[in-house]
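Each remark here refers to the structure printed beneath this line.
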Amino acid sequence: MPEPVTVTVEVARPRQEVFDYVDVAANHERWMDHFFKDWRFEGPPRGVGAITKAQVDAPGARERVTIEVVESVAPERIVEEGENAHGKRRTRGTYRFAELDGGRTRIEFELEWLKTPRSERILPFVSRAFMRRANGKGMKRLAALLEEG
């Protein structure tokens, strides 16, 4: 199993405001549309039970992913569990929000693999590098969206 990947960003917004924005499932499309496309949403719009379904937008990828919020503790963290590769890959993504001086917030996103296809176990560093780049770009885009207001 690949080791977890963690990316962080700081924004000039209060923690509760950042949490409230990230907690809405449909908002994720705005900062992760470089990685996913054809988004659909089910269940409640925010919090536990919110479900996002999308297609991976990568060369040669035809995979659909389902991501469900399994924990939402305002304004501290949001935990999502994802499944794709026809159930052969399961992940857990955790957003953590830390209050900083001056009304700033540090957003940390950790992606943990719970299950991986056999083919990805051979070169786990490839999965980690790919996801670090994709999630890092997403976090930068999230920060820009939040600071635009």
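The figures here come from the full heavy-atom set of this structure, side chains too, leaving out hydrogens, waters and symmetry mates. Because the structure is a prediction, the values reported are computed rather than measured.
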* Find out if a path of hydrophobic residues (ILVMFWY) with successive side-chain heavy-atom gaps under 4.5 Å connects Val73 to Val70. => no
* Asked: Apart from Leu114 itself, which Ile, Leu, Val, Met, Phe, Trp or Tyr residues share its cluster (side-chain heavy atoms under 4.5 Å, direct or through members)?
  -> none
* Asked: Does the side chain of Ile78 reach to within under 4.5 Å of the side chain of Val22, using non-hydrogen atoms?
  -> yes
* **Non-neighbouring partners of Arg64 that pass salt bridge (Lys or Arg N to Asp or Glu O under 4.0 Å), sequence neighbours left out** => none
* To do: Grab the two heavy atoms, one from Pro4 and one from Trp113, that are nearest each other, plus how far apart they are.
  => CA-CZ3, 4.4 Å
* List for me each residue that meets side-chain contact (heavy atoms from CB on, under 4.5 Å) alongside Arg132, sequence neighbours excluded, and say none if there are none. => Val5, Val7, Arg128
* To do: Report yes if the side chains of Pro2 and Thr116 come closer than 4.5 Å at any heavy-atom pair, otherwise no.
  => yes
* To do: Locate the shortest heavy-atom distance separating Val48 from Ser72; write the atom from each residue and the value.
  => CG2-N, 3.8 Å
* **His28 side chain reached by Thr52 side chain, heavy atoms, under 4.5 Å** => no
* Structure fact -> The side-chain contact (heavy atoms from CB on, under 4.5 Å) partners of Pro117 (sequence neighbours excluded) come to Ala85, Lys88, Arg89, Ser119, Glu120
* Structure fact -> Applying side-chain contact (heavy atoms from CB on, under 4.5 Å) to Val126 and not counting sequence neighbours gives Leu123
* Could you give the distance from CD (Glu63) to CD (Glu83), rounded to the nearest 0.5 Å? -> 11.0 Å
* Asked: Do Arg30 and Tyr21 have side-chain N/O donor and acceptor atoms under 3.5 Å apart?
  -> yes
* Structure fact -> Those residues at least two apart in sequence (or on a different chain) that pass salt bridge (Lys or Arg N to Asp or Glu O under 4.0 Å) with Asp33 are Arg141
* Do Arg46 and Asp20 have side chains that get closer than 4.5 Å, going by heavy atoms? -> yes
* Asp57: side-chain hydrogen bond (donor to acceptor under 3.5 Å, both in side chains) partners, not counting sequence neighbours -> none
* If you measure from CD on Glu99 to CD on Glu76, what distance do you get to the nearest 0.5 Å? -> 11.0 Å
* List in chain and number order the residues that pass side-chain hydrogen bond (donor to acceptor under 3.5 Å, both in side chains) with Glu68, two or more places apart in sequence or in another chain; answer none if no residue qualifies. => none
* To do: Could you note down all residue pairs passing ring pair (Phe, Tyr, Trp, His ring centres under 6.0 Å) where residues 45-71 supplies at least one of them, sequence neighbours left out?
  => none
* Asn135 side chain to Met131 backbone, donor-acceptor under 3.5 Å -> yes
* Asked: Say you draw a straight line from OG1 of Thr8 to CD of Glu10; how long is it, rounded to the nearest 0.5 Å?
  -> 7.0 Å
* Least distance between heavy atoms, Gly47 atom then Asp23 atom -> N-OD1, 3.4 Å
* If a pair satisfies ring pair (Phe, Tyr, Trp, His ring centres under 6.0 Å) and one of its residues is in residues 127-149, list it, with sequence neighbours excluded. => Phe35-Phe130
* To do: Verify the cluster assignment for Trp31 and Val56: are they in a single hydrophobic cluster under the rule of side-chain heavy atoms below 4.5 Å apart?
  => yes
* Asked: Would a hydrophobic clustering, with Ile, Leu, Val, Met, Phe, Trp and Tyr connected at side-chain separations under 4.5 Å, put Phe41 with Val69?
  -> yes
* With the 4.5 Å side-chain cut-off for hydrophobic clustering, are Ile67 and Trp39 part of the same group? -> yes
* To do: Check for a donor-acceptor pair, side chain of His34 on one end and backbone N or O of Lys137 on the other, with a separation under 3.5 Å.
  => no
* Aromatic ring pairing Tyr95/Phe97, orientation class (parallel under 30°, perpendicular over 60°, tilted between) -> parallel
Would you tabulate the side-chain donor-acceptor contacts of residues 100-111 under 3.5 Å, counting partners in other chains and residues two or more places apart, or write 'none'?
{"from": "Thr105", "atom 1": "OG1", "to": "Arg13", "atom 2": "O", "distance (Å)": "2.6"}
{"from": "Thr105", "atom 1": "OG1", "to": "Arg15", "atom 2": "N", "distance (Å)": "2.9"}
{"from": "Glu108", "atom 1": "OE2", "to": "Arg96", "atom 2": "NH1", "distance (Å)": "2.9"}

* Group every Ile, Leu, Val, Met, Phe, Trp and Tyr by side-chain heavy-atom contacts under 4.5 Å, then state whether Val79 and Ile51 land in the same group. => no
* Asked: Of all residues at least two apart in sequence or in a different chain, which pass the salt bridge (Lys or Arg N to Asp or Glu O under 4.0 Å) check with Glu3?
  -> none
* **Heavy-atom closest contact (Phe36 atom, Ala54 atom, distance)** => CB-CB, 3.8 Å
* **Inter-residue atom distance Lys115.NZ - Arg92.CZ, 0.5 Å rounding** => 14.0 Å
* Structure fact -> Distance col, row Asn84:CG vs Thr91:OG1, nearest 0.5 angstrom, shows 7.0 Å
* **Exam field: side chain Lys53 to backbone Asp38, donor-acceptor pair closer than 3.5 Å** => no
